[in-house]
Amino acid sequence: MYIKDIAQFEGKEIELKGWVANRRDSKGLVFINLRDGSGLVQCIADQSKLTEDEFNCAGKLGLESSIEINGLVVKDERQIGGFEVQVSALKVLQFTEDYPIAKKEHGIDFLMDKRHLWLRSQRQWAIMKIRNTITFAIHEFFQKEGFIQMDAPIFTGNACEGTSNLFETDFYGDPAYLSQSGQLYGEAMAMAFGKIYTFGPTFRAEKSKTRRHLSEFWMIEPEIAFCDIHQNMDIIESFLQYVIKKVLADCQHELNLIDRDQSVLKTSLEPFPRLTYDEAVAIIKGEKDVNGQNSIKSLEDELEQVNQQYQKMEAEIAEREAKLAIPGMKKGEINFNQNKVATLKQELKDLEEAQRNIPQWIASAKNFEYGNDLGGSDETVITRLFDKPIMVYDWPHEVKAFYLKRNPESPRFARGVDLLAPEGYGEIVGGGERETDEQKLREKIIEHDLPMEAFEWYLDLRKYGTVPHAGFGLGLERLVTWLCKLKHVRESIPFPRMYGRLLP
RNA sequence: UCCUUGAUAGCUCAGCUGGUUAGAGCGAGUGACUGUUAAUCACUAGGUCCCUGGUUCGAGCCCAGGUCAGGGAGCCA
């Protein structure tokens, strides 16, 4: 018996096992919000309906105490799930004292230290449920489309995209690296099965402290034989839209719990704009407008708005603090105003961040140098102008990986594609059409200063029946972060591993 | 690696120009209340002001170095 199915048991006696998510008491009554992993329900312990011992126990339950109850399911519109349980019997498995995560705001460092407990909170629960739906939808899409799932090795002897950000380990006395991509192995499997995808962990030793980097993350890498860059973009689009549709269909409750505005998810079911690198650069530099919006202008407008909002908030804080200074205010009112001031100050800090960041972004966009890769801020700048993901393709070949094919009509471009998520999220997919010519690959390997002997097996793929093929890599956590509109990627995975964070 | 902000009670924070005994809310504990939703109300306990050194009659506050964390850049999914 799980709380999520409670509606089927109206008027019936049930048994529930779970944890105390909240408790309030009143004379003769104890209200327990019970959490069982599937949902949340309020249980009422009434002194007149329980033994003295049971009622005393109910009153002593600390947050996250584990209990078993029996009770009657009653319809009550006021409650979250529309039902409550009138307790007829209560058994305590453990009284919990001093549960560290209190019913109030906490700082991120504290919460990350308590991640193993934080996962029990409603918001984190909802995010992990959505992550699960996304994972399932990904498998479902590829399986339906006839892709074979493969597991790429995690220990690798060669670096596929440079060596600076690899985790080195000891493999029976030889150096080995934790995989930063399964792609080269995926290409080999695609030559055996036609269409494959990997779904596995990936490790990058980047000393990054930004909202979109993890040291360990999960990547999905499809690879398709007989596929060019345009067909690849078709697949990226239908794949992502499949996942988004699934989340919209199956996760309404969770999306509401985390207050996700769904309008952008819905417009993302329309075709994704496809821009060449040249077009994207023109937009970023403000030389070309999109839907009547100019990148530089919109940033300047936003900065102006931020400044105005900042002044408004400062005024409100001053006003409330002045009120608080006058004696005679009721306790409840004091609390309310103090909480309000605290949240306003928090928002003020966010605005200050924006005031520091936006001018940097404007400068970076204005001074963007043609031929460079897009930086994080450039991605933010361009994606803010669209209400759906965009795909940018045909990149200057110097900035992209060695295995990408050149555009035959314009060889200074490599046929790579990045998918940039809207709402400022930026790159969540990187991929492209692969180089098919052995000689050109050898030249590229030398150019990138990579050890040729480590790639001989990969070059075999071009020696024995080379065919046009393409694929891409999707960062699962970045997708979860965007779909849930999280501020930081660290909340998208149960136990994030990042620079400075190995525990819990 | 660089830029930037910060570290004060279990948690979130305030602490004025360096000045006597360190402040609030939440949480915890005790009590009151039969319909609460982060319940409310009263009372109680709770401090190595991150570390090391310096300036000063006097440092939570100033200076130097370090540690840790937040945000951003580079790099990337």
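Proteins get letters first, then strands, A, B, ... in listed order; numbering begins at 1 in each.
- Under 4.0 angstrom from either OP1 or OP2 of B/G71 there lies no side-chain N or O belonging to A/Lys209.
- Taking the six-membered ring for Trp and thresholds of 30 and 60 degrees, A/Tyr458 and A/Phe402 have ring planes more than 60 degrees apart, a perpendicular arrangement.
- When heavy atoms are screened at a 4.0 angstrom cut-off, A/Leu63 is found touching no nucleic acid atom at all.
- Among the nucleotides B/A73, B/C33, B/C76, the one closest to the side chain of A/Ser377 is B/A73.
- A distance of about 10 Å separates the P atoms of B/G25 and B/C43, rounded to the whole Å.
- With respect to A/Glu64 and A/Arg120, a salt bridge is recorded, a charged nitrogen being found less than 4.0 Å from a carboxylate O.
- Taking the charged nitrogens against the carboxylate oxygens, A/Asp378 and A/Lys285 have no contact shorter than 4.0 Å, which rules out a salt bridge.
- In this structure, A/Ile428 reaches the sugar-phosphate backbone alone: every heavy-atom distance under 4.0 Å involves primed, P, OP1 or OP2 atoms, never a base.
- Looking at heavy-atom distances under 4.0 Å, A/Arg490 makes contact with sugar-phosphate atoms alone, never a base.
- Within 4.0 Å of A/Glu97, counting heavy atoms only, lies no atom of the nucleic acid at all.
- RNA chain B contains the following stems of three or more consecutive Watson-Crick or G-U pairs, with both distances under 3.5 Å: B:1-7 with B:67-73, B:10-13 with B:23-26, B:28-32 with B:40-44, B:50-54 with B:62-66.
- With B/U36, B/U34, B/A77 as the candidates, the nucleotide lying closest to the side chain of A/Arg24 is B/U36.
- Of the candidate nucleotides B/A28, B/U37, B/U34, B/U34 has the atom lying nearest to any side-chain atom of A/Lys27.
- In terms of polar N and O atoms assigned as donor or acceptor, the side chain of A/Glu84 never comes within less than 3.5 Å of the base of B/U37 in a complementary pairing.
- Note on A/Val489: nothing from the nucleic acid sits closer than 4.0 angstrom, heavy atoms only.
- Residue A/Gly375 is in sugar-phosphate contact alone, with no base atom involved, counting any heavy-atom pair closer than 4.0 Å across all strands shown.
- Taking the nucleotide of RNA chain B with the nearest heavy atom to each of A/His488 and A/Gly473, the more 5' of the two is matched to A/His488.
- The stacking criteria are not both satisfied for A/Phe31 over the base of B/G35, which would need a centre-to-centre distance under 5.5 angstrom and an angle between ring planes under 30 degrees.
- The residue A/His213 sits close to a base: some heavy atom pair falls under 4.0 Å.
- With distances taken from any side-chain atom of A/Lys207 to the nucleotides B/C76, B/U1, B/G35, the minimum falls on B/U1.
- The residue A/Asp76 sits close to a base: some heavy atom pair falls under 4.0 Å.
- Residue A/Phe110 places its side chain closer to B/U12 than to any other of B/U37, B/C75, B/U12.
- Under the 4.0 Å criterion applied to side-chain N and carboxylate O atoms, A/Lys60 and A/Asp25 are not assigned as salt-bridge partners.
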